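In what follows, chains are A, B, ... by sequence order, proteins preceding strands, each numbered from 1. Keep in mind that this is a model prediction, so the values were computed, not measured.
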Amino acid sequence: MSTKLAPRDQGVPDHTELLHPGMAKNYGKWDYHERIRPGVLRYVAENGDSVYTVRAGSPRTMSPNTIEKICDIADRFCQGFLRFSMRTNVEFTVDKEELVAPLIEAIKTELGFPVGGTGPSISNISHTQGWLHCNLPGTDAAGTVKALMDDLIDEFENERFPNRVKITTSCCQINCGRHADIGIVVQHHHPPRIDYDNMQICDLPKVVAICPVAAIRPKVVGGTPSVEVVDEKCMYCGACHGQCPSMEIRDADTDTLSIWVGGKGANTRGGPSLMKLAVWGLPNNPPRWPEVSDAVRKILDAYKEGGKDWERVGEWIERIGWQRFFEKTGFTFTKYHIEDGPNAMWTYNRSTQVRI
Amino acid sequence: MSTKLAPRDQGVPDHTELLHPGMAKNYGKWDYHERIRPGVLRYVAENGDSVYTVRAGSPRTMSPNTIEKICDIADRFCQGFLRFSMRTNVEFTVDKEELVAPLIEAIKTELGFPVGGTGPSISNISHTQGWLHCNLPGTDAAGTVKALMDDLIDEFENERFPNRVKITTSCCQINCGRHADIGIVVQHHHPPRIDYDNMQICDLPKVVAICPVAAIRPKVVGGTPSVEVVDEKCMYCGACHGQCPSMEIRDADTDTLSIWVGGKGANTRGGPSLMKLAVWGLPNNPPRWPEVSDAVRKILDAYKEGGKDWERVGEWIERIGWQRFFEKTGFTFTKYHIEDGPNAMWTYNRSTQVRI
Amino acid sequence: MDKKKEGGKGSDKTKLNTPLLDELEKGPWPSFVTDLKQWSEQKPQVAQLLNQLEDSYENRWNYWTGTVLNVTGYGGGIIARLSDKAEEYPDLAEFHTIRILPPAGFVYSTERLRNLTEICERHGAGILQLHGLTGDILALGFDNKGSRAASEELMANGWDLGGSGAALRSLQCCVGQARCEMACFDTMKTTRFLTNHYISFLHRPEFMYKFKIKVSGCGNDCANAMISSDMPIMGTWRGPMQVDQARVAEFIDESGVEYLIDNVITRCPTRCISLKGKELVVDNDDCVRCMHCINVMHKALKPGKERGVTICLGAKRTLKIGDTMSSVIVPFMPLETEEDFEKLTDLIDRIWEFWNDNAMDHERIGEFISRVGLGTFVEGIGLEPDPRMVRETRTSPFIKFEELAPGRLEGEQKQEPAVWQREPESRE
Amino acid sequence: MDKKKEGGKGSDKTKLNTPLLDELEKGPWPSFVTDLKQWSEQKPQVAQLLNQLEDSYENRWNYWTGTVLNVTGYGGGIIARLSDKAEEYPDLAEFHTIRILPPAGFVYSTERLRNLTEICERHGAGILQLHGLTGDILALGFDNKGSRAASEELMANGWDLGGSGAALRSLQCCVGQARCEMACFDTMKTTRFLTNHYISFLHRPEFMYKFKIKVSGCGNDCANAMISSDMPIMGTWRGPMQVDQARVAEFIDESGVEYLIDNVITRCPTRCISLKGKELVVDNDDCVRCMHCINVMHKALKPGKERGVTICLGAKRTLKIGDTMSSVIVPFMPLETEEDFEKLTDLIDRIWEFWNDNAMDHERIGEFISRVGLGTFVEGIGLEPDPRMVRETRTSPFIKFEELAPGRLEGEQKQEPAVWQREPESRE
Ligand code: SRM
Ligand code: SRM
Ligand code: SRM
Ligand code: SRM
Ligand code: SF4
Ligand code: SF4
Ligand code: SF4
Ligand code: SF4
Ligand code: SF4
Ligand code: SF4
Ligand code: SF4
Ligand code: SF4
């Protein structure tokens with residue numbers, strides 16, 4: 001395979017030039033870290049050097065105004081360097097402990113960002129595009145995150161959970177929001193409607209092929225080759241909608257939200273796991289989606305109360321059993337909670353082990 | 001649904017009339033048991049009564065001569081009662097401890113059956129019909145069991161393993177021999193050959209439908225409706241051979257035997273589990289199948305040495321990891337050990353957790 | 001039936017000549033070859049059987065074909081065997097197996113066992129297998145006439161035929177309360193009750209395919225129900241486990257604390273056992289009735305007093321969709337009173353009805369559940385979904401909520417059963 | 001780009017009017033609404049954007065359509081967005097996103113970040129998202145002309161575009177050695193190296209479908225590689241873990257033995273840690289590098305000295321065959337020397353080659369492996385099968401052993417890839 005750079009293939013900026021000097025100096029030579037208060041980590045190098053990182057929650061979507069404020073603070077406190085975390089938080093690094101308090105003050109007053117998200121807290125929600133900018137969303141992303149984080153900010157600013165809590169949202173069934181301890185997902189409830197008058201199908205065979213259950217069939221409509229959907233087969237996944245904009249999967253009146261729990265990428269203890277259905281049928285209720293906040297709270301309260309140190313949400317549920325999870329959250333277990341996708345049999349209780 | 005007995009539907013003999021008096025008297029009122037020596041269990045009732053059960057290994061397939069000997073012993077020692085166990089062992093029950101030794105003596109000398117199979121030993125092998133009497137076998141059953149048990153009789157007569165060891169054999173890919181700690185299974189390596197001259201297909205659609213991978217297609221051969229097999233699709237399972245005798249799946253020259261480990265029905269600890277491939281390609285070598293005995297020995301030796309008390313074979317492997325299992329048995333891990341059937345993805349190592 | 005070989009060309013082939021099989025007379029394990037060779041002195045067809053088996057050993061080839069034979073009024077119970085070598089071994093031309101229902105728990109009086117043996121010997125080759133893997137008494141070696149005659153006489157003597165084909169199969173249970181202190185309910189009574197209640201379904205293959213019920217007195221599953229039966233009925237209990245602290249202390253004195261920690265406390269799947277001094281404390285809320293601690297300390301620990309069964313569905317071996325395992329369908333129900341048993345048969349009736357109405361030919365219940373989904377199945381048999389039916393809830397986000405999707409399009413059809421059925425992954 | 005709305009009928013619709021969105025100005029979390037409203041004073045198209053978003057909130061409906069736009073020489077990197085409401089909001093007629101490659105580890109100097117912001121602001125709406133879920137810098141709001149101009153200027157300033165479509169996607173890594181004591185290799189260097197080495201594959205969508213690589217310095221997976229990337233590269237070590245017994249003792253003094261037992265010893269997945277007095281002993285043979293004990297006692301415990309990576313393959317979200325997870329493909333390899341990196345690119349080349357040659361359109365690598373089987377795949381890329389690739393060996397007994405099945409029938413065809421492909425379970 002060719003690996004030579006084409007003329008315009010210049011690649012990624014050199015990170016070594018973008019590192020805070022404290023980080024550059026001890027690169028690869030760190031000894032340990034301490035969480036000196038929520039949002040603030042002290043990193044100690046083998047040679048005894050320390051740097052302090054302050055994590056601030058951002059709304060991810062930012063104007064140049066906000067970025068200018070961030071840069072300004074980084075210039076004043078951090079020798080002109082900063083980084084963003086995996087969960088779109090801004091991280092300011094300083095090399096003197098006495099800079100921490102004034103830095104936090106600046107973040108809060110000038111930027112208006114909260115400080116936290118470290119250790120066993122709820123960090124920023126990983127969110128997607130939503131109505132702001134995607135072509136497929138059934139709900140918003142930035143808005144749901146804002147509404148939820150308003151409600152959870154206390155838990156961002158404190159470290160009061162058994163372990164870290166990662167939350168994601170997804171604005172359509174494509175689910176760009178990944179697996180997480182708690183995931184909020186849109187759900188469609190009808191087969192796609194085909195807009196035969198405005199068909200924009202670029203590639204008919206691709207549209208037919210994309211359907212996981214072979215529900216899309218070629219069909220000549222009004223003389224032109226088009227497609228039809230076998231409603232009984234369709235599982236409302238919307239894969240076709242991504243491929244063909246004329247196959248409308250969304251429905252403002254019937255789309256709902258559901259909450260999934262127990263996803264985890266870390267290889268710790270039991271290893272990675274996918275998230276599983278907790279509750280479904282929540283209304284898609286802008287601008288603040290109170291029903292979603294409510295349900296998330298129920299899960300978090302139960303987890304906070306019942307989880308043991310270091311148990312992630314999924315590990316807690318696994319230990320207490322799903323039966324107790326439903327008891328403790330007050331959600332109802334329904335037949336829809338039982339897997340019917342591929343590998344369903346692996347999710348059944350294939351032993352007599354039950355809590356009676 | 002009708003539940004009325006039809007005239008000839010008389011049902012099963014009444015077991016309450018067939019119980020040893022000691023068992024009948026304390027039915028449902030047992031307190032505990034003791035293994036007083038390999039093959040002998042003492043059952044103590046709540047009222048302090050005891051019965052003693054002596055377990056003798058049988059060849060399952062027996063002539064009236066042998067059954068007469070069994071009955072004779074039961075008459076002399078057991079008040080005319082006896083039972084068979086789930087693994088085709090004969091169980092003689094007496095109500096006095098002093099009867100145990102003479103009973104064992106009689107079993108050994110008159111019947112020629114060994115006594116054992118209790119506790120953490122290797123019990124009798126559950127076997128199938130084989131060449132003696134089935135229509136589908138690729139190998140024998142009674143013979144393989146006899147050859148193997150000759151080799152393992154020491155372990156039947158002693159209780160030296162971490163836990164009970166259950167072994168099964170199956171004489172074709174239908175696998176009437178169930179899952180077990182160790183299972184020996186025949187494997188075919190070609191698609192079925194169709195004997196067009198002697199077609200005995202009773203029900204064509206059934207034959208076509210039985211194939212799990214849709215490899216069987218209707219085809220008119222010499223003017224009559226018949227079938228053909230798409231070789232590339234066929235996975236040599238032999239399901240069609242069970243439905244249609246003219247579709248010959250076996251091949252005396254190429255059929256082989258494989259050994260599977262870690263099956264378990266008990267709900268203890270991790271619960272039930274299916275057996276998994278340990279080693280394949282062993283020759284189908286009557287009359288004594290030495291290569292099979294050899295491989296089984298390797299597994300048993302490693303398990304005996306490395307297993308912790310109460311670990312069944314599969315639990316031992318799970319703890320030490322498959323990598324070590326292959327190291328300790330000396331078998332080779334091949335690409336065929338990697339699942340490709342349904343649910344394959346669930347068997348992959350979906351974490352970075354590895355012993356390095 | 002003691003007819004001698006009737007001429008034909010292969011006459012000398014009917015004389016015992018089994019050098020390979022003779023190898024199986026060596027070694028300490030009881031030899032079926034020795035036994036049958038001796039028996040062949042009385043039953044010449046057994047010599048032919050051994051000779052044909054010898055041929056199999058020599059050629060690594062099988063010489064039987066067969067189908068299911070009908071006895072008047074019966075659809076099942078006899079497995080026909082016809083020898084491909086009937087010319088050489090005329091007595092093997094018809095050499096069928098009769099499956100006979102065993103007494104629950106495989107208990108016998110010598111009188112009944114002799115009676116059985118005698119009938120089989122008189123009408124056939126007299127070879128018995130105690131027992132087949134499904135639990136039947138297998139009696140080998142009857143020709144057509146002998147099969148019918150033996151069946152008649154067996155029935156006249158209080159025996160009945162077992163199942164075969166697309167029918168309820170003979171039930172099997174562990175020894176249970178007859179001898180075992182772990183038993184949580186009466187396995188033998190249950191087995192006999194269900195066998196007799198449903199005897200007609202055993203005899204007349206009218207299901208979509210075979211259906212096996214196996215009955216174990218506790219989670220140890222000595223009856224091999226969990227991975228080899230369509231419907232395991234498994235003993236269990238509700239409420240606290242019985243702990244005899246005096247015997248716990250004895251156990252510790254005998255085996256030591258370390259043994260207890262390593263073999264009991266750390267091996268509990270939900271880690272719900274703890275040791276306070278010499279007292280063993282079980283967090284009964286979290287105990288999942290796996291039996292392990294009771295097995296290790298069976299003098300000190302016992303199942304709780306309120307007993308019953310957990311009912312599962314779906315195991316079978318591997319043909320077609322691969323092995324299926326049983327999964328929980330009723331987490332707990334008592335099984336003592338007449339009403340309890342009625343509830344059980346009522347449940348079984350509903351399961352069979354839904355299965356037989358909706359399954360495809362040759363589709364066992366585990367395959368059926370796998371195809372339609374446990375959720376749909378549970379609804380189909382009229383049970384409430386229970387989180388204990390699953391190890392975990394669904395991960396797949398594509399769900400057809402009937403409640404949330406009222407027919408939007410003209411003529412939208414409801415699928416029966418209402419399930420998402422997957423098509424092949426490969427789309428070549 | 002600061003053009004004003006150019007007439008049209010919906011002219012008053014371009015004035016900010018967002019009662020529903022205003023609800024999102026309440027509450028303590030920083031509000032993107034407040035920020036964008038302020039910004040709209042400088043950028044009128046942002047007012048239109050907010051108004052369209054308000055319409056979405058009101059009607060629970062989306063008004064964007066879009067495809068992938070090409071920049072000369074590029075196949076990916078720009079996500080086109082066209083508003084359905086262009087008549088009302090003329091500045092949204094073209095409102096594309098540019099995906100810009102972030103520096104490895106998301107580290108910035110204020111100078112570079114200002115440079116980036118300034119370019120985006122000059123040619124477009126100036127809205128930045130730091131970062132997208134795959135790791136790109138997302139810059140929103142460019143029309144066709146602006147997209148091209150911005151791309152040109154970005155490139156002139158040392159930036160480069162990210163991936164989209166059926167291409168290698170922008171890589172993402174955790175902060176790693178820049179700050180974290182757990183890091184087992186240089187995640188930033190690896191990320192930059194692979195990005196630049198394969199930059200052409202990032203820009204020109206010629207794969208069967210998208211391919212994401214994510215890089216985490218250790219098993220904690222802060223880069224979200226395991227469940228959201230086609231190829232997680234994960235730090236790990238070989239040989240003994242580093243244990244500082246003095247710090248172990250300190251830990252015990254601070255937290256107590258009970259805490260240590262409950263939170264470290266009993267939580268190890270292979271239970272390979274024990275405590276001898278105040279010494280913590282790890283059975284390194286059984287340690288599976290899960291990181292848990294190190295996380296809890298990160299002062300006292302550290303990854304071993306011989307470090308490297310575990311490489312996995314196959315995760316993606318749920319469309320089509322359902323979620324797939326990554327599984328191990330290389331249990332351990334060092335990643336330090338040039339040769340190590342060459343081995344890595346060699347492996348990636350082989351993976352891509354086999355995948356692109358054999359996969360179907362739109363089939364990601366996890367789906368491809370699921371279809372052809374891991375065994376076939378491993379062979380296809382020229383690796384030795386290793387038991388660490390699986391959690392357990394196969395249960396399904398139907399295997400096509402090439403070694404044992406030389407073509408018996410005339411014209412027997414070898415299937416490529418040689419796999420057993422399942423057909424649908426339902427055979428209606
Ligand atoms: C900064 C960041 C890496 C980066 O390059 O951006 C990071 C940094 C650290 N992570 Fe992380 N993790 C970061 C995202 C993640 C993610 C991914 C994510 O959040 O989307 C995960 C995987 C989540 C999952 O399982 O899907 C992650 C799973 C962990 C874990 C494993 C927790 C567990 O028990 O399963 C640890 C270990 C721990 O907690 O001691 C960890 C530990 C750490 C440590 C303590 C490592 C170290 O010594 O520096 C860092 C301090 C974190 C703190 O907040 O107390 N980090 N960490 C990310 C901060 C995100 C944020 O702003 O909240
Ligand atoms: C007699 C028999 C029941 C019967 O109705 O026939 C029986 C009897 C007992 N079994 Fe069993 N089991 C019998 C077949 C089984 C089977 C099925 C089989 O062998 O095919 C299993 C399930 C195997 C599996 O997992 O697939 C079985 C799994 C157990 C276990 C669980 C072991 C475990 O740790 O997983 C126990 C518990 C124990 O060992 O303490 C057990 C315990 C017992 C006890 C101790 C129960 C008791 O208190 O009476 C009995 C004495 C056994 C001994 O040998 O020491 N029995 N036991 C069966 C004897 C078979 C034989 O001749 O070898
Ligand atoms: C006799 C017996 C083996 C033995 O020597 O013990 C046996 C023998 C046959 N089995 Fe079996 N199976 C016997 C227990 C089993 C078991 C074990 C069990 O019941 O616990 C299984 C595995 C569990 C299960 O039910 O799946 C078993 C799974 C099969 C299968 C595979 C079913 C599947 O879907 O995978 C078939 C073929 C089929 O059903 O299409 C089969 C079919 C057969 C047939 C009828 C072959 C055929 O299709 O023509 C065999 C008749 C042989 C004969 O001459 O009697 N037999 N068969 C067992 C029945 C004796 C009895 O009634 O007591
Ligand atoms: C922008 C972004 C969300 C965000 O706001 O952060 C995004 C947005 C889109 N994703 Fe995504 N995905 C984004 C990260 C993800 C992730 C997360 C990740 O990479 O860690 C996933 C889950 C992991 C995975 O790869 O499966 C993800 C799974 C998908 C899928 C589902 C793939 C599947 O097979 O299940 C699609 C649809 C597809 O590929 O057919 C998709 C498709 C899309 C498209 C292109 C919609 C479409 O098909 O037209 C969206 C374009 C929106 C826009 O206006 O930019 N996006 N998408 C993320 C990329 C930003 C970046 O480059 O940094
Ligand atoms: S989840 Fe759907 S709507 Fe949201 S960004 Fe991804 S593709 Fe777009
Ligand atoms: S929504 Fe999904 S299942 Fe339905 S037609 Fe479209 S791709 Fe197929
Ligand atoms: S395993 Fe096969 S050959 Fe053996 S008894 Fe069962 S069906 Fe017959
Ligand atoms: S052996 Fe199995 S896969 Fe092959 S044709 Fe027969 S039924 Fe189909
Ligand atoms: S299953 Fe339970 S009750 Fe039945 S014999 Fe085994 S241990 Fe006893
Ligand atoms: S029966 Fe099993 S789950 Fe219950 S306490 Fe004992 S070991 Fe634990
Ligand atoms: S993945 Fe490991 S190395 Fe990277 S930041 Fe997280 S803890 Fe540190
Ligand atoms: S890293 Fe994980 S597996 Fe290794 S010793 Fe620590 S807890 Fe155990």
Side-chain angles (χ1 to χ4, degrees), chain A residues 1 3 5-6 8-13 15 18-19 23 27-28 30-32 43 59-67 71 74-75 80-84 86 112-113 131-132 135 137 142-143 146 149-150 153 175-176 178-179 212 239 245 252 265-269 272 274 286-287 309 341-342, chain D residues 20 23-24 27-30 32 35 39 53 56-57 60-62 64-66 73 101 103-110 114 117 121 126 128-130 133 158 160 177-179 181 188 192 195-197 199-200 219-221 224 226-228 263 269 290-292 298-299 317 319-320 322-323 349:
Chain A
M1 283 193 173
T3 55
L5 300 193
R8 309 293 294 275
D9 290 341
Q10 56 196 36
V12 80
H15 56 274
L18 305 171
L19 286 170
M23 284 156 74
Y27 198 92
W30 298 99
D31 186 6
Y32 64 90
Y43 287 94
R60 185 171 89 144
T61 300
M62 292 178 289
S63 75
N65 292 340
T66 302
I67 291 174
C71 289
D75 282 342
F81 296 96
L82 72 152
R83 80 176 287 268
F84 292 85
M86 287 300 138
F113 287 4
W131 289 325
L132 187 74
N135 52 333
K146 158 71 178 152
M149 286 312 291
D150 275 346
I153 190 163
N175 286 306
C176 296
R178 343 173 224 244
H179 288 272
N267 292 281
T268 46
R269 300 170 298 279
L274 303 177
D309 276 8
Chain D
L20 286 168
E23 291 295 311
L24 291 172
W29 192 258
F32 72 101
D35 188 14
W39 181 237
L53 187 58
S56 288
Y57 271 59
R60 276 183 260 125
W61 198 249
N62 184 56
W64 297 109
T65 53
L101 282 177
F106 301 158
V107 289
Y108 294 89
S109 64
T110 52
R114 282 198 180 96
T117 312
E121 179 184 339
L128 288 189
Q129 293 176 327
L130 291 154
L133 281 176
D160 201 346
Q177 294 184 330
R179 209 178 62 195
E181 74 275 12
M188 293 192 188
R192 181 162 184 244
T195 306
N196 291 358
H197 185 80
I199 190 78
S200 165
N220 280 331
D221 194 15
N224 266 319
M226 288 302 288
I227 34 175
S228 337
N263 289 283
C290 89
M291 290 300 295
H292 172 74
H298 58 271
K299 288 186 188 165
R317 208 25 174 121
L319 282 187
K320 297 196 256 107
D323 291 280
D349 290 346

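Looking at A/Lys146, its side chain does come within 3.5 Å of a backbone N or O of D/Gly27 through a donor-acceptor pair. In this structure, the side chain of A/Arg83 engages the main chain of D/Gly105 through a donor-acceptor pair within 3.5 Å.
The closest side-chain heavy-atom distance from D/Glu181 to A/Asp31 is not below 4.5 Å. Looking at heavy atoms from C-beta onward, D/Asn196 lies in side-chain contact with A/Val12 at the 4.5 angstrom threshold. Counting only heavy atoms from C-beta outward, the side chains of A/Met62 and D/Asp35 approach each other to under 4.5 Å.
Nearest heavy atom pair, residue D/Phe32 against residue A/Gly143, reads CE2-N, 3.7 Å. Smallest separation of non-hydrogen atoms from D/Arg317 and A/Asn175: CG-O, 3.1 Å. Scanning all heavy atoms of the two residues, the minimum distance from A/Leu19 to D/Ala178 falls at CD2-CB, 3.9 Å. In this structure, D/Asn220 and A/Ala266 approach most closely via the heavy-atom pair O-CB, 3.4 Å. The shortest heavy-atom contact between A/Cys176 and D/Leu133 is O-CD1, 3.2 Å. A pairwise comparison of heavy atoms in A/Ala74 and D/Thr110 identifies CB-CG2, 3.5 Å as the closest pair.
Ranked by non-hydrogen atom pairs under 4.5 Å with chain A, the options D/Pro103, D/Gly126, D/Ser109 are led by D/Ser109. Here D/Val107 is the residue among D/Val107, D/Asp221, D/Leu53 with the most heavy-atom pairs under 4.5 Å with chain A. Ranked by non-hydrogen atom pairs under 4.5 Å with chain D, the options A/Tyr32, A/Phe81, A/Trp131 are led by A/Trp131. Interface check for chain D: of the options A/Gly80, A/Pro64, A/Ala252, A/Gly112, the most heavy-atom pairs under 4.5 Å are formed by A/Pro64. Each of D/Leu20, D/Thr117, D/Ile227 has some count of heavy-atom pairs under 4.5 Å with chain A, and the biggest count is that of D/Ile227.
Only the side chain of A/Ile67 comes within contact range of chain D, with heavy atoms under 4.5 Å apart. Only the side chain of A/Tyr43 comes within less than 4.5 Å of a heavy atom of chain D; its backbone N, CA, C and O stay farther away. For a residue to count as touching a neighbouring chain, one of its non-hydrogen atoms must lie under 4.5 Å from one of that chain's; by this rule D/Leu24 touches chain A with backbone and side chain alike.
Atoms CZ and CE, on D/Arg179 and A/Met23 in that order, are 5.5 Å from each other to the nearest 0.5 Å. A distance of 8.0 Å separates CG in D/Asn224 from CE in A/Met86, rounded to the nearest 0.5 Å.
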Candidate pair A/Leu18 and D/Tyr108, rule side chain to side chain contact (heavy atoms under 4.5 Å, CB included), full reasoning | CA-CA 5 Å; A/Leu18 305 171; D/Tyr108 294 89; 5.5 Å; no
